[in-house]
Every structure is written in C-alpha cells, then in structure tokens.
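Keep in mind it's a predicted model, so treat the numbers as computed, not measured.
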Amino acid sequence: QVQLVESGGGLVQAGGSLRLSCAASGRSFSTYAMAWFRQAPGKEREFVLGISWRGGRTYYADSVKGRFTISRDNAKNTVYLQMNNLKPEDTAVYYCAASPRQAMGVTEYDYWGQGTQVTVSS
C-alpha cells in the first residue's frame, strides 16, 4: 500500500510558476514509477508527466513539454512537479499517482492522491 498526499496548489497568474509536491507513505515508494495527472471540469483525467522509479527516465505530454518538470527524491519519499509559464488551460485538479510500471494510462496506476487545485488566471 502507498498513500499519497499532494500539496502546493493555488491561484497564480498566467506566466507564473508553481511547485507541487506529493508525499508518499507506506512501503516501497522507490520501487514505483510516479506520475502527475490532471483533470479539468467536464474533462477526463489526463496524463501530464511521469518518472521512473529511480528518476532516470521522464516522459511528458506534449502540452507541457518545455514548461513542466517532474522530479523525485526517494530519500524523502516525495515527487515534485515544477510548473513554469503557466497558462489558463493548465487550470485543473492535479493528482499524483503510483504504478509498478512506467505508463501513461489512468488505469495503469494503482494508487492516487486526493488532488490539489491549480487555477491560472488570465
């Protein structure tokens, strides 16, 4: 079992930055691939970025490439999402998730946090 808790969301102006954190508890965090997803009102949950269990490989959705970065600190059981040059269309609830394999599909992830709201004003 892995429990995930996101933090760091908030309201920011377009062009601004935010850093989200996801703290994990439970066993074997360092053996899981981690990812961030987001869900905007009325839309399906979508993959944003993922990172391998050691952090050596990252993978991105095209919509955030060059603006968002994912990283992890296995010693702290934490994964981060650095978001720069935010746009109004980035407004969504952001979720972190854990999977035993590197994947981009929602159904591939076994554990989810409760989500944190990010709102970007124009």
Between atom [atom1] of [X] and atom [atom2] of [Y], what is the distance when rounded to the nearest 0.5 Å?
{"X": "Tyr59", "Y": "Met104", "atom1": "OH", "atom2": "CE", "value": "8.5 Å"}
{"X": "Ser122", "Y": "Lys87", "atom1": "OG", "atom2": "NZ", "value": "14.0 Å"}
{"X": "Phe37", "Y": "Trp112", "atom1": "CZ", "atom2": "CH2", "value": "4.0 Å"}
{"X": "Leu81", "Y": "Ser21", "atom1": "CG", "atom2": "OG", "value": "9.5 Å"}
{"X": "Leu20", "Y": "Thr78", "atom1": "CG", "atom2": "OG1", "value": "12.5 Å"}
{"X": "Ser63", "Y": "Phe47", "atom1": "OG", "atom2": "CZ", "value": "10.0 Å"}

Compare every heavy atom of [Y] with every heavy atom of [X], then report the nearest pair and how far apart it is.
{"X": "Gly56", "Y": "Ser52", "value": "N-OG, 3.1 Å"}
{"X": "Ala35", "Y": "Ile70", "value": "CA-CD1, 4.3 Å"}
{"X": "Asp110", "Y": "Pro100", "value": "OD2-CD, 3.1 Å"}
{"X": "Ser71", "Y": "Val79", "value": "O-CG2, 3.1 Å"}

Donor-acceptor pair, distance only, cut-off 3.5 Å: does the side chain of [X] make one with the backbone of [Y]?
{"X": "Thr119", "Y": "Thr91", "value": "no"}
{"X": "Thr69", "Y": "Gln82", "value": "no"}
{"X": "Tyr109", "Y": "Ala103", "value": "yes"}
{"X": "Gln39", "Y": "Ala92", "value": "no"}
{"X": "Asp90", "Y": "Ala14", "value": "no"}
{"X": "Glu6", "Y": "Cys22", "value": "no"}

Measuring only between side-chain heavy atoms, which start at C-beta, is [X] closer than 4.5 Å to [Y]?
{"X": "Leu4", "Y": "Tyr95", "value": "no"}
{"X": "Thr58", "Y": "Leu49", "value": "no"}
{"X": "Glu44", "Y": "Val106", "value": "no"}

**OP:** Go through Tyr80 and Ile51 one step at a time and tell me if the side-chain contact (heavy atoms from CB on, under 4.5 Å) criterion holds.
**Re:** CA-CA 10 Å; Tyr80 304 98; Ile51 188 166; over 6 Å; no
Subject >> Co-membership, hydrophobic cluster, residues Val93 and Val120, 4.5 Å side-chain >> reply: no
Original post:
Does Trp53 share a hydrophobic cluster with Tyr60, counting links as ILVMFWY side-chain heavy atoms below 4.5 Å and allowing steps through other members?
Top reply: no
Original post:
Residues in ring pair (Phe, Tyr, Trp, His ring centres under 6.0 Å) with Phe68, at least two apart?
Top reply: none
Original post:
Are there more than 12 heavy atoms of other residues, nucleotides or ligands under 6.0 Å from atom CZ of Arg57?
Top reply: yes
**OP:** Go through the structure and list residues passing side chain to side chain donor-acceptor pair (under 3.5 Å) with Ser28, not counting sequence neighbours.
**Re:** none
Original post:
Regarding Arg72 and the six-membered ring of Phe29, is the cationic atom NZ or CZ under 6.0 Å from the ring centre and inside 45° of its axis?
Top reply: yes
Original post:
Parallel, tilted or perpendicular for Tyr32 and Tyr111, by the 30°/60° rule?
Top reply: perpendicular
Subject >> salt_bridge(Asp62, Lys65) N-O dist < 4.0 Å >> reply: yes
**OP:** Begin with the C-alpha distance, continue with both residues' side-chain angles, and end with the deciding distance and a verdict on side-chain contact (heavy atoms from CB on, under 4.5 Å) for Val64 and Arg38.
**Re:** CA-CA 12 Å; Val64 303; Arg38 67 185 180 186; 4.1 Å; yes
